Amino acid sequence: MLLLLDSLCSESVRRKVMETGKITPQAEDFPSWYQDVVREGDLAEVAKIVKGCMVIKPHGYAIWEKIQADLDRRFKETGHKNAYFPLLIPMSFIHKEAEHVEGFAPEIAVVTHAGGKELPKDEQYCIRPTSETIIGHFFSKWIDSYRDLPMLINQWANVMRWEMHTRMFLRTTEFLWQEGHTAHSSHEEAKEEVTRMLNVYGDFAEEVMAMPVIRGIKSDSEKFAGALQTQCIEAMMRDGKALQAGTSHDLGQNFGKAFDVKFQSEKGREEYVWQTSWGVSTRLVGGLIMTHSDDSGLILPPRLAPVQAVIVPIARKPKEKELVIPVVDKLAADLKAAGVAVKVDDREGKRPGEKYYEWERKGVPLRIELGPRDVTSGEAMTKLRVADDKVKMKIDDLAADVPGILDTFQQTLLRRALDFRKENTVTVDSWSDFKDVFADGASKFVWCHWDGTKETEAKIKEETKVTIRCIPLPGQGPAPEDGKCIYSGNPSNQRVLMSKAY
RNA sequence: CGGGGUGUAGCGCAGUCUGGUAGCGCGCCAGCUUUGGGAGCUGGAUGUCGAAGGUUCGAAUCCUUUCGCCCCGACCA
């Protein structure tokens, strides 16, 4: 009964929200809050005409472009080159690696008709869910000797996975990502690559997205289909759940053997290459939202904000405009020269208050209000996206000060996120405490002992919906110590990170 | 694939039981007044009522068929 009332209640709130263009409070209904932030931030909308797909709108895509630009630079700095492989992959390729096909078969879309006729079974294509197979095929053509190694390739692309439940940015049928694919002459070197790229992701998440992550290793049941090992970065969302924000895989020689990717070693022996693959996707945008945003909408870290500062001129009468506009234009030019992405919102017909709300919903870090009074006093009203109060600042100082203010804001967001994670991370040693943490749909990050078996992992998931997010890499969690498995009581030598997950 | 719901203007919905001129709120457009935290008034535009067939003088409304979407299961990460 309570549940029924609850759902009716939130439905009526929801209607109100749709009518007024406002945002459901996070504490009231987290999933609705998320949807509202995406909509009101003008980031994306559900395509509807194409099941499970989304349209990324200009503001959302601009954020993705900033993510792309920074990551692309990091990939190139670590020696990788971009390339592009076909969207369609022969069905037969998918079947060549046993675990791979088992993992992906259920979510593959197949092209069965083309050129006005049905394709024979052995000529059908699937739309790539990932590109290990087709890239394996080409690697086998491109690699002859150890002199061709390492082969370091990255692809920016779209992929398709037929998902049953979709959520904007977090899980959609089609999504955008990058997939790095490398081939090496030794397992040692491949493993170094896996860790190197995981750290690229981790550094990017923390430095640019202000999203702290825990770097670790996936349990066997959570690893990539066809990999020896999957490393990951896991971030805490504001509902205490974990988001897998990036993965880096040690593929061993599995795909090398399946696609006959061989090279002649220095000693003249024919050997299979050791491969890696690694990727992050538009899911990062979802992580960005659920790390920083609040009940007023999106909050963007300056380093990813398409607009870092917005100036709202307040001028109504022609005389006021004459006074205000030149000052606004000069300030905008000075800020631009100082490297700030600035936008002047001089739209007619909208009142300042409405503009304030709009830019807050869109996550702009800094707002500058400039009207006749400010021109006279030489001071403008400024407001940071997370501040409670407006602050008066000297107009002439803004161009010099704003870059530093934005930098501090970036650090503030990271600090807030770190604090939040700390407050919601616990060490647990008993099964009843464990269940308490996750009771009533709640979630936190829990460090606890696990006996390392698939059976225990499955039981825990079955009873609590909690999964092993990762086994922490050195320095990413509590130091290794002997203990007893939270569920089975069997011996364990390290705590693992457990949480509910997206 | 099972159980439940739903489809009417860009969005959110009423109207369907009991057949009779297609409605409301928000948004949009125009004009005037407004403008330092979501403006007010006046006027205006917008619909194959999901689709097909049937009953009827007449169908958003009744009947049949069909398609899409949502929620809960199942499946998946």
Side-chain angles (χ1 to χ4, degrees), chain A residues 3-4 6-8 10-23 31-32 35-36 39-40 45-53 102-108 129-130 159 161-167 170-173 175 218-219 221-225 230 232 234 241-245 247 279 281 283 286 296-297 310-318 320-321 324 345-361 367-377 379-383 385 387-390 392 457 461 465-469 499-502:
Chain A
L3 272 175
L4 180 64
D6 243 23
S7 76
L8 284 174
S10 92
E11 182 54 34
S12 78
V13 167
R14 174 117 217 96
R15 279 181 202 172
K16 193 117 207 150
V17 160
M18 293 305 285
E19 284 165 15
T20 56
K22 284 182 186 163
I23 294 168
S32 293
Q35 280 184 23
D36 292 344
R39 187 190 62 249
E40 294 300 316
E45 64 184 61
V46 175
K48 285 202 173 163
I49 48 165
V50 189
K51 188 173 161 56
C53 290
E102 197 187 323
F104 280 104
E107 44 189 73
I108 281 176
T130 177
V159 289
R161 297 178 186 176
W162 215 256
E163 301 286 355
M164 305 206 79
H165 293 300
T166 57
R167 245 184 300 205
L170 299 173
R171 178 175 282 115
T172 48
T173 300
F175 56 94
K218 283 291 181 192
S219 67
S221 60
E222 296 268 339
K223 75 177 185 192
F224 177 74
T230 289
C232 60
E234 296 283 330
K241 290 189 186 170
L243 183 78
Q244 176 180 300
T247 48
S281 71
R283 175 177 247 211
S296 302
V310 63
I311 304 173
V312 179
I314 299 159
R316 173 168 53 109
K317 297 164 190 146
E320 290 175 342
K321 286 184 181 170
V324 169
D345 186 357
D346 55 3
R347 286 174 298 175
E348 300 281 345
K350 286 199 188 295
R351 307 172 91 196
E354 194 180 349
K355 294 179 182 177
Y356 302 162
Y357 281 107
E358 180 174 332
W359 292 109
E360 274 170 17
R361 288 196 301 265
R367 182 178 73 234
I368 299 165
E369 306 167 11
L370 225 164
R373 298 207 297 258
D374 309 296
V375 173
T376 309
S377 69
E379 291 184 322
M381 288 302 261
T382 66
K383 185 166 183 305
R385 179 59 181 78
D388 294 327
D389 302 310
K390 298 182 185 180
K392 272 191 184 172
E457 187 181 8
K461 183 174 175 181
K465 292 201 159 66
V466 174
T467 50
I468 299 168
R469 299 322 305 152
S499 180
K500 288 180 187 166
Y502 278 94

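Each chain gets a letter, A, B and so on, in the order its sequence line appears, and its residues count up from 1. Keep in mind that what you see is a predicted model, and the values were worked out from it rather than measured.
One N or O on the side chain of A:Glu320 and one on the backbone of A:Lys317 form a donor-acceptor pair closer than 3.5 Å.
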Hey, what are the protein-to-nucleotides 75-77 of chain B N/O distances that come in under 3.5 Å?
unit_1 : atom_1 : unit_2   : atom_2 : d
B:rC76 : O2'    : A:Glu107 : OE1    : 3.2
B:rA77 : N3     : A:Arg171 : NH2    : 3.1

Protein-nucleotides 39-42 of chain B N/O pairs under 3.5 Å:
unit_1 : atom_1 : unit_2   : atom_2 : d
B:rA39 : OP2    : A:Arg351 : NH1    : 3.3
B:rA39 : O4'    : A:Arg351 : NH1    : 2.7

Restricting to nitrogen or oxygen on both sides, can you table the protein-nucleotides 2-8 of chain B pairs closer than 3.5 Å?
none

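Between A:Lys218 and A:Glu234 a salt bridge is recorded (basic side-chain N to carboxylate O distance below 4.0 Å). With respect to the salt-bridge test (charged N to carboxylate O, under 4.0 angstrom), the residues A:Glu348 and A:Lys321 qualify. Remark: A:Glu354 does not engage A:Arg347 in a salt bridge, criterion side-chain N to carboxylate O under 4.0 Å.
Between A:Thr166 and A:Arg316, the one whose closest nucleotide on RNA chain B sits nearer the 5' end is A:Arg316.
Side chain A:Arg367 to base B:rG37: a donor-acceptor pair is found below 3.5 Å.
Among the heavy atoms of the strands, none lies under 4.0 Å from A:Lys355. Counting any heavy atom pair closer than 4.0 Å across all strands shown, A:Glu360 reaches a base atom. Note on A:Arg373: a base of the nucleic acid sits closer than 4.0 angstrom, heavy atoms only.
The 12-atom threshold is not exceeded at NZ of A:Lys465, counting heavy atoms of other residues, nucleotides or ligands nearer than 6.0 Å.
Between the side chains of A:Glu360 and A:Ser296, no donor-acceptor pair is found at a separation under 3.5 Å.
B:rC69: Watson-Crick or G-U partner is B:rG5, with both key distances under 3.5 Å.
Rounded to an integer number of Å, the gap from A:Lys383 NZ to B:rG37 C1' is 10 Å.
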